[in-house]
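In what follows, chains carry the letters A, B, and so on, assigned in the order in which the sequence lines appear, proteins first and then strands, with residues in each chain numbered from 1.
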There are 2 protein chains.
Amino acid sequence: MVSFGRVEAIFIISPGTSNSGGESSKESSRSSTPVLAADRTERLRDKMRRRTESGDHWFSLEFFPPRTASGAVNLVSRFDRMGSGGPLFIDITWHPAGDPGSDKETSSMMIASTAVNYCGLESILHLTCCNQTKEKITGYLSKAKHLGLKNIMALRGDPVGADWEEEEGGFNYATDLVKHIRCEFDDYFDICVAGYPTGHPEADSYDEDLRHLKEKVDAGADFIITQLFFRADTFLKFVRDCRAIGITCPILPGIFPIQGYQSLRQLVKLSKLEVPEEIMRVIEPIKDNDAAIRNYGIEQTVGMCRVLLESGNVPGLHFYTLNREVATMEVLRQLGLWIEDPRRPLPWAVSAHPKRKVEDVRPIFWASRPKSYIYRTQDWDDFPNGRWGNSSSPAFGELNDYYLFYLKSKSSKDALLKMWGEELTSEQSVYEVFTSYIKAQPNCAGHKVMCLPWNDEPLAPETNLMMDELDKVNRRGVLTINSQPTINGKPSDDPIVGWGPPGGYVFQKAYLEFFTSSENVTVLLKVLKKYEPRVNYHIVNVHGQNTTNAHDMQPNAVTWGIFPGREIVQPTVVDPVSFMYWKDEAFALWIEQWAELYDDESPSRMIIKYIHDNYFLVNLVDNDFPLDNCLWQVIDDMFELLDNPPEEQPTEQPVEQPAEESPVEDQSPK
Amino acid sequence: MVSFGRVEAIFIISPGTSNSGGESSKESSRSSTPVLAADRTERLRDKMRRRTESGDHWFSLEFFPPRTASGAVNLVSRFDRMGSGGPLFIDITWHPAGDPGSDKETSSMMIASTAVNYCGLESILHLTCCNQTKEKITGYLSKAKHLGLKNIMALRGDPVGADWEEEEGGFNYATDLVKHIRCEFDDYFDICVAGYPTGHPEADSYDEDLRHLKEKVDAGADFIITQLFFRADTFLKFVRDCRAIGITCPILPGIFPIQGYQSLRQLVKLSKLEVPEEIMRVIEPIKDNDAAIRNYGIEQTVGMCRVLLESGNVPGLHFYTLNREVATMEVLRQLGLWIEDPRRPLPWAVSAHPKRKVEDVRPIFWASRPKSYIYRTQDWDDFPNGRWGNSSSPAFGELNDYYLFYLKSKSSKDALLKMWGEELTSEQSVYEVFTSYIKAQPNCAGHKVMCLPWNDEPLAPETNLMMDELDKVNRRGVLTINSQPTINGKPSDDPIVGWGPPGGYVFQKAYLEFFTSSENVTVLLKVLKKYEPRVNYHIVNVHGQNTTNAHDMQPNAVTWGIFPGREIVQPTVVDPVSFMYWKDEAFALWIEQWAELYDDESPSRMIIKYIHDNYFLVNLVDNDFPLDNCLWQVIDDMFELLDNPPEEQPTEQPVEQPAEESPVEDQSPK
């Protein structure tokens, strides 16, 4: 038998569909793993067994690599969103024509690596073996292991060109690949193989196909995912037949929600599957109505899945998403499998890379840019273990490395210009971009500002709680890029701010980070004297001029949780060492993402350049977490002192004046 | 010149005075270092300079080694009490006749080591060099360094027998010793030398003596402590003369509060000092009235110290305590130098051993036996750094090592029998000992129970808050040996429970640890089911039969603090791994300290032995620190179920029955 390209077929059918949108892009740094440390080291097959034993149904999601870089950026966002529903794993198909093992941003290998390392998703990388040397295959597997991938879907793959012929000494069957993986990598990888509920189209018979499947399992496969099917009975009979010949491993049904007429027809043609008459009878009359077909597909899939789950023989469902979200998410919601608010093990998404499993603290600065943080620390051998940022902390990756595709904005230059202004006339017009973003309202040109260089997503719900204050201070040139409110012991299952295991309490110190002019900073430093030692601050400009009242360079824990039977978890810190690395990135984003939208000598570009050269990056922490956040009062006091300077001092220029006309002063904080 | 045994003289005068008592023995695990981590690495000379620069007067205390083991036990308690007043350092004199560099419990070396390692006091070890080979001296210094001692008072010492003669190639002067230390140990030690405000009695002249002092300083001494004197002017002139010949290092006045007529006369004879007439005139008429002399000594010392401090030339005062507390403490109180409630850097006394400086977490079990914990972990190279008790944690020292003298009870066998019962008649009579201790009330024989095998001091003030509950449960055979109440964010400067730097908040989870019968444990386990996951428990008997609901063996942080500009500090944990080591110690104390008071076959001994063999050690943590402590309710529920067992079960024997008559059941928790 041959394992005809089950998943490649799907890839052929619906490329380029990854941009279908319209879903709410809520804050998405959720991890799929609703447990803490001890469990993160588990293998996929162990997790699967545990979930099966507990009778707790799960789901998993299949994606294919996109064709373009912007498609990849969008797919990664989709990983984050769909990861938030709590899949047990996702898998990435192998696309032989797309240089699948390369470092290209669209390769199967890199997409799977991104899912593991950046999105924190347990992932399976597909791998096909036909027409490949053993050395090449071993090279792919070594690379996958190095990147933190731990699971392989072993497939034969499609012959190139004409009909397939057996090759002497090469890989002729998926069984050969399974044996090779076990031989070369022992038990390192969890291995999945494909099953065909109606028999493989090239197999001589259904029974022969079943025997081949038994061979694959006997060679070392841990579980089976099936080709799609249209009737629950088809799958349930297949499972019974597998069990009858001694296949005992988990068998996961491959679920394909019908999402369009053309894609269904193409799929049928390529996979040589027959669509049952009762389905064609419904679809034919509505074939030009996409919405109607999708609704039918959802209804039909939900019905079939209910039968499967109720059979007692199906521990989890595997979805062929076609890189789309809506239909699959709706099916999962109706089945009650979509976890609307999965418990987050930490306030940030835990990377699924085995090396990063011990990571339990990060600087707050990258809160909106976690992928940049992971990328810049990817070469670390050790992650700070509750002692982040001591002088012994490892160096950050160079800033010039950060032009990684998935660190770029999802939006096109054109869209960015619409949001951030085709033409800037003053610093004030920059302030207005910030306030439009904060309030999620259209700017003066009528375009909603959905992102900023430091925030690629709309504001998190948590930040929304502070919208009025943020709006007020941004109007006056306190350009906020990161903040969190005070939390004094909310339950760990709080829907907005909760994280960690049940029965615990989470805490935060209020945090505020912003760019502001050197004039403001001079006054701010006077105000901050009144708030010693309640408020810790770090103030730095692009040249590295640095003022702080945290003199011993110790990290300040600003998010922590207390849980039953555990040590205290303190996953977010304001760390003086890493702040200097973040500073480079934060200032560079003014130029790389914003200034470069405009012509070289244009006033717009000069305004952004002026801010980049002259503003300071400020962070403030209110250490008195049991009291009301005082940071707004600090800013108010600064405005008050700016508006009513003491009489003995020369009156300062009001801060609202367009500052590009004022001389560039070297007015650094002492 | 010779540096005639300034301190040995004092040793000769008043040996065996270390047992003068009557002071309140308040909870004393206070550290003398009112700062956190960063500062703990400072050298003594740096601390001294910083205190001097800040204009903040300090004091230091001199002690001599005791003659007997029980004297050593008492002196160590005194270190704890006097350490709580905040001395900058203490120093221990070198007693050449007492085998001073040996491992004997009364040697200078071991007493200084105890002060550093167990009491957390910055300490100076005296060392005399006359009649010693260089190898011997180097050996002492190496041993001192190994034990964690960092400061040496370099002295010549007294000649043995007849008049002193210069020795070819040997150490003839303290200067030689200073040079030797610097030569062999570079800058490792801070070195102190002696100064003589009226000139050394054996020196040719005051001026020649000053020149010798300059030589000692030039050879590498860091500061000077002077011989005692009776008039402020004597010292102030001495300082002026020192400065005039170029001695620039700190000069600390040696202060001797007159404490008795005989000790004063002997001191004068030995040190060849003249007592000024104005002092003798007052003392002679009251020479038989000890209290009057001491009061006069205090008054005279306070007056002289005020003059010294107001001169602006005296940054700190060094006290010759004669191993007594009352006079020195009273002088310091009147001067305002005694810190009544020094800020504790951590809730337990931080060891001053350089290797232990990083230690920031300990298991709660040794809270009343910190010296035992330090002793049993003295060979550790690494201290768990916020990750205490993972399976990788270092092994504990063997239990059979713990018969270290300062781990023994301070009380005599006779006193212990009075407190714990000359004759025990039942388990109930053991319970009564516990309740008498809890209530600090006389037992039925009229003796106050001041200690228990697990608690060598009366209850801490914190524990007093729970006295009624403790009393109630001990009466019924829940024999508590350790507990702490819930604390939900008290200011870090709270006088009873505060610790750590100012501006912070401290927290605790309620903790209760007790011995109780297997009958009670069986019922307790039923009750605890209702308190999942709120209450964590560990229940173990002497044979190691172990039941817990903390299955992943992670430590549970039960004391923590949140401070400005810092990571979270979590200094106390309930740790499953170390609990099994503590269990051995906790059970052994029944036998070693209590059962062995009685004759071999006596009923009293059998009762204690029965408890040792059959009771369980239980610890409970209430994880819900924002709520009221539920642990008393847990115990109440247990009593309730014992009193009113469900009817379908066979009625159990009431727990109050003398159990030595009941068969020894193998009724272990499941």
Side-chain angles (χ1 to χ4, degrees), chain A residues 35-39 358 360-361 384-390 488-491 501-505 507-509 531-538 548-571 573-576 621-627, chain B residues 35-39 358 360-361 384-390 488-491 501-505 507-509 531-538 548-571 573-576 621-627:
Chain A
V35 281
L36 262 193
D39 294 303
V358 297
D360 62 4
V361 54
N385 204 343
R387 296 280 135 190
W388 204 98
N390 290 350
N488 185 17
K490 288 252 187 183
Y505 295 90
F507 293 80
Q508 283 180 186
K509 293 180 179 175
Y531 289 89
E532 291 273 6
R534 178 169 178 177
V535 175
N536 275 113
Y537 59 84
H538 294 82
T548 177
N549 64 345
H551 289 297
D552 55 3
M553 299 299 267
Q554 284 197 33
N556 189 349
V558 293
T559 302
W560 65 98
I562 318 294
F563 303 100
R566 294 186 187 271
E567 289 182 282
I568 287 142
V569 186
Q570 44 178 326
V573 295
V574 168
D575 168 71
V621 176
D622 179 2
N623 288 297
D624 246 338
F625 62 94
L627 311 181
Chain B
V35 281
L36 259 196
D39 295 304
V358 297
D360 62 2
V361 56
N385 204 342
R387 297 279 135 190
W388 204 97
N390 289 349
N488 185 17
K490 287 250 190 184
Y505 296 89
F507 293 79
Q508 282 180 187
K509 292 179 180 176
Y531 291 88
E532 292 272 7
R534 178 169 176 176
V535 174
N536 276 113
Y537 59 84
H538 293 82
T548 175
N549 64 345
H551 289 295
D552 55 1
M553 298 299 269
Q554 283 196 37
N556 189 351
V558 293
T559 302
W560 65 98
I562 318 292
F563 303 100
R566 296 189 186 270
E567 288 180 281
I568 286 138
V569 187
Q570 42 178 327
V573 294
V574 168
D575 168 69
V621 177
D622 178 3
N623 288 297
D624 244 339
F625 62 95
L627 310 181

May I ask you to name which of B:Pro533, B:Pro626, B:Gly489 has the most heavy-atom pairs under 4.5 Å with chain A? B:Pro626

Check for a donor-acceptor pair, side chain of A:Asn623 on one end and backbone N or O of B:Gly504 on the other, with a separation under 3.5 Å. no

So which heavy atom on B:Asp624 is nearest to which on A:Gly503, and how close? OD1-O, 4.5 Å

Over all heavy atoms of both residues, which pair between A:Lys509 and B:Arg566 is shortest? Give the atoms and the distance, please. NZ-O, 4.3 Å

Rounded at 0.5 Å granularity, tell me how far OH in A:Tyr505 sits from CZ in B:Phe625. 7.0 Å

Determine whether A:Asn556 and B:Phe563 make a side-chain contact, defined as any pair of heavy atoms from C-beta on separated by less than 4.5 Å. no

Any heavy-atom pair between the side chains of B:Phe507 and A:Ile562 that's under 4.5 Å? no

Identify which one of B:Asn536, B:Val535, B:Asn549 satisfies the side-chain contact (heavy atoms from CB on, under 4.5 Å) criterion when paired with A:Pro564. B:Asn536

